[in-house]
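In what follows, every chain begins at residue 1, and chains take the letters A, B, ... in the order their sequences are listed. Predicted, not measured: the structure shown is a model, and the values here were computed from it. Atoms considered below: every heavy atom in the structure, side chains included; atoms not considered: hydrogens, waters and symmetry mates.
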Amino acid sequence: MEYILMIIGAVLVNNIILVQFLGICPFLGVSSKVNTALGMGAAVTFVMALATLVTSLLQKYVLVPLDITFLQTIVFILVIASLVQMVEIMLKKVSPSLYRALGVFLPLITTNCAVLGVAINVTQQTIIPGHGFSVIDNTLYAVAIAIGFTLAITIFAGLREQLELVEIPKGMKGVPIALITAGILAMAFMGFANLV
Amino acid sequence: MSNSKLNILTKGFFKENPTLILVLGCCPTLAVTTSVTNALGMGMATTFVLLMSNMLISALKNVIPDKVRIPSYIVIIATFVSMIDLLIQGFLPSLSASLGVFIPLIVVNCIVLGRAEAFANKNSVFDSLLDGLGMGIGFTIALTLIGAIREILGSGSIMGFQFIPAEYHILIFVLAPGAFLVFGFVMAAVRYIVNKSEEKKKQKEA
């Protein structure tokens, strides 16, 4: 039960884009078509789960025992950057079709603050009350957060496809109108606020 | 200071404002602008990182091999971010609490890496310093502007100084949707003004 609550909380209530403001760049950058949004969502889910797993393990068995948590930022960003690079090389070899689908998004993910943000966030808070620091909980939480990311970016891509057809004042074209649309979408997500 | 040097410094303020024109570094812009104090704190922290990383990267541009330049930049940037993170935690614990995870996230702020790649690895140390400072100030201006609008409308105060009674506060502006709406409208207004001034310049030339 507590896992279901955690997943609902991560996907809807604390949606990473619309409530926590992480990963806005891909949200604005690659959300003009529903298909690319889904591809980006899949790539982020994959990388976020893997990155949180590795960084949580490092936090638990390396940084905390050696008392060097002040190196957290440097270690985490390097791990994420090399992980993305590794995933790209492996995907190219193992599954060329999946690589063609996700390949273009992978380099973008290194500078996606959502991945580093979640990796840092899970070290600062307990995901499920009473469980303490658990690597499995953290990884599950990362997957749930990534599903929330995919949900938001896909809905938003659908809205932007419709926006293409409307006449918009000159200064508002492009990013400004997208931000205002996102504001209205965020209002809709506020409806979930007291769900958990 | 010659005209071109001044131009390097001031282009980030308005004409090439990193947030409002180039649309870089959106996450902190949306997340920390609930009040002017937070916006200023974030702006200054980012300016420090930009300034120092631009200088160091420019100084090391002939030493760093081209193939590993991006990881090297990230390590340099992460070092300065850790420094400013620990400094803020030590001296300004309340600011550190309200900015939270967004201080370490300066590492992945596209402005910093973007300036390193686009400017610092091609130009002299002094020019890079000016560029970092200008971009940092531009970022701070944008953040403070959005922060001021949100704080006045949402909590009726400026830098914690209350001047609108509580029943007239529009709570939505300090919440998530307000961030998107204010950012969108400010960006539209700035683009409108910049477009207008460029049209005028063209008319004069013609």
Side-chain angles (χ1 to χ4, degrees), chain A residues 15-29 70-78 80-82 85 107-121 123-125 168-190 193, chain B residues 20-33 70-71 73-86 89 100-110 112-114 171-173 175-196:
Chain A
N15 187 284
I16 188 159
I17 296 178
L18 297 167
V19 181
Q20 298 187 39
F21 301 122
L22 292 169
I24 304 287
C25 296
F27 181 61
L28 294 173
F70 62 88
L71 287 177
Q72 195 188 50
T73 314
I74 303 178
V75 170
F76 281 16
I77 187 70
L78 282 178
I80 290 169
S82 41
Q85 199 71 200
L108 288 171
I109 294 176
T110 317
T111 52
N112 182 342
C113 50
V115 179
L116 182 63
V118 170
I120 294 177
N121 252 336
T123 66
Q124 290 172 348
Q125 61 189 46
I168 299 163
K170 207 172 152 204
M172 283 285 208
K173 265 195 190 122
V175 183
I177 192 73
L179 281 168
I180 290 160
T181 315
I184 296 165
L185 191 58
M187 271 186 221
F189 268 72
M190 271 177 74
Chain B
L20 297 171
I21 306 289
L22 306 177
V23 204
L24 296 170
C26 299
C27 302
T29 312
L30 290 164
V32 304
T33 50
I70 299 284
Y73 296 167
I74 291 177
V75 174
I76 291 171
I77 295 165
T79 311
F80 288 116
V81 170
S82 300
M83 272 166 62
I84 194 85
D85 188 19
L86 294 173
Q89 272 177 32
V101 74
F102 285 95
I103 293 279
L105 285 184
I106 298 175
V107 178
V108 280
N109 188 329
C110 343
V112 185
L113 197 61
L171 191 62
I172 194 115
F173 280 103
L175 297 176
F180 285 110
L181 293 179
V182 174
F183 189 19
F185 280 117
V186 168
M187 192 189 277
V190 169
R191 288 194 169 184
Y192 180 78
I193 297 167
V194 169
N195 278 347
K196 264 275 151 70

So what's closer than 4.5 Å to chain B heavy atoms on A/Gln72: side chain, backbone, both or neither?
neither
Quick one: closest heavy-atom pair of A/Ile17 and B/Phe180, and the distance?
O-CZ, 4.0 Å
If you compare all heavy atoms of B/Cys27 against all heavy atoms of A/Gly23, which two are closest, and at what distance to 0.1 Å?
SG-N, 3.6 Å
Strictly by side-chain hydrogen bond (donor to acceptor under 3.5 Å, both in side chains), give each pair with a member in residues 182-196 of chain B just once, sequence neighbours left out.
B/Tyr192-B/Lys196
Can you tell me how far apart CZ (A/Phe27) and CG (B/Leu30) are? Round to the nearest 0.5 Å.
9.5 Å
Which residues pass the side chain to side chain contact (heavy atoms under 4.5 Å, CB included) test with B/Cys26, sequence neighbours left out?
A/Ile24, A/Leu28, B/Val23, B/Phe183
Checking B/Phe185 against chain A: side chain, backbone, both or neither under 4.5 Å from a heavy atom?
both
If I measure from the heavy atoms of chain A, does B/Thr29 come under 4.5 Å with its side chain, its backbone, both, or neither?
neither
Looking at every non-hydrogen atom in both residues, tell me the closest pair between A/Pro176 and B/Gly184 and how far apart they are.
CB-O, 3.5 Å
The reported gap from OG1 in A/Thr73 to CD1 in B/Ile74 (rounded to nearest 0.5 angstrom) is 13.0 Å
So which part of B/Ile77 gets closer than 4.5 Å to some heavy atom of chain A, the side chain, the backbone, both or neither?
neither
Given side chains that start at C-beta, do those of B/Ile172 and A/Met190 come closer than 4.5 Å, heavy atoms only?
yes
When every non-hydrogen atom of A/Cys113 is compared with those of B/Val108, the smallest separation belongs to CB-CG2, 3.4 Å
CD1 on A/Ile74 to CD1 on B/Ile76, rounded to 0.5 Å:
11.0 Å
Among A/Ile120, A/Val19, A/Val175, single out the residue with the greatest number of heavy-atom pairs under 4.5 Å to chain B.
A/Val175
Okay, A/Leu116 and chain B: the region with an atom under 4.5 Å from a heavy atom over there is both
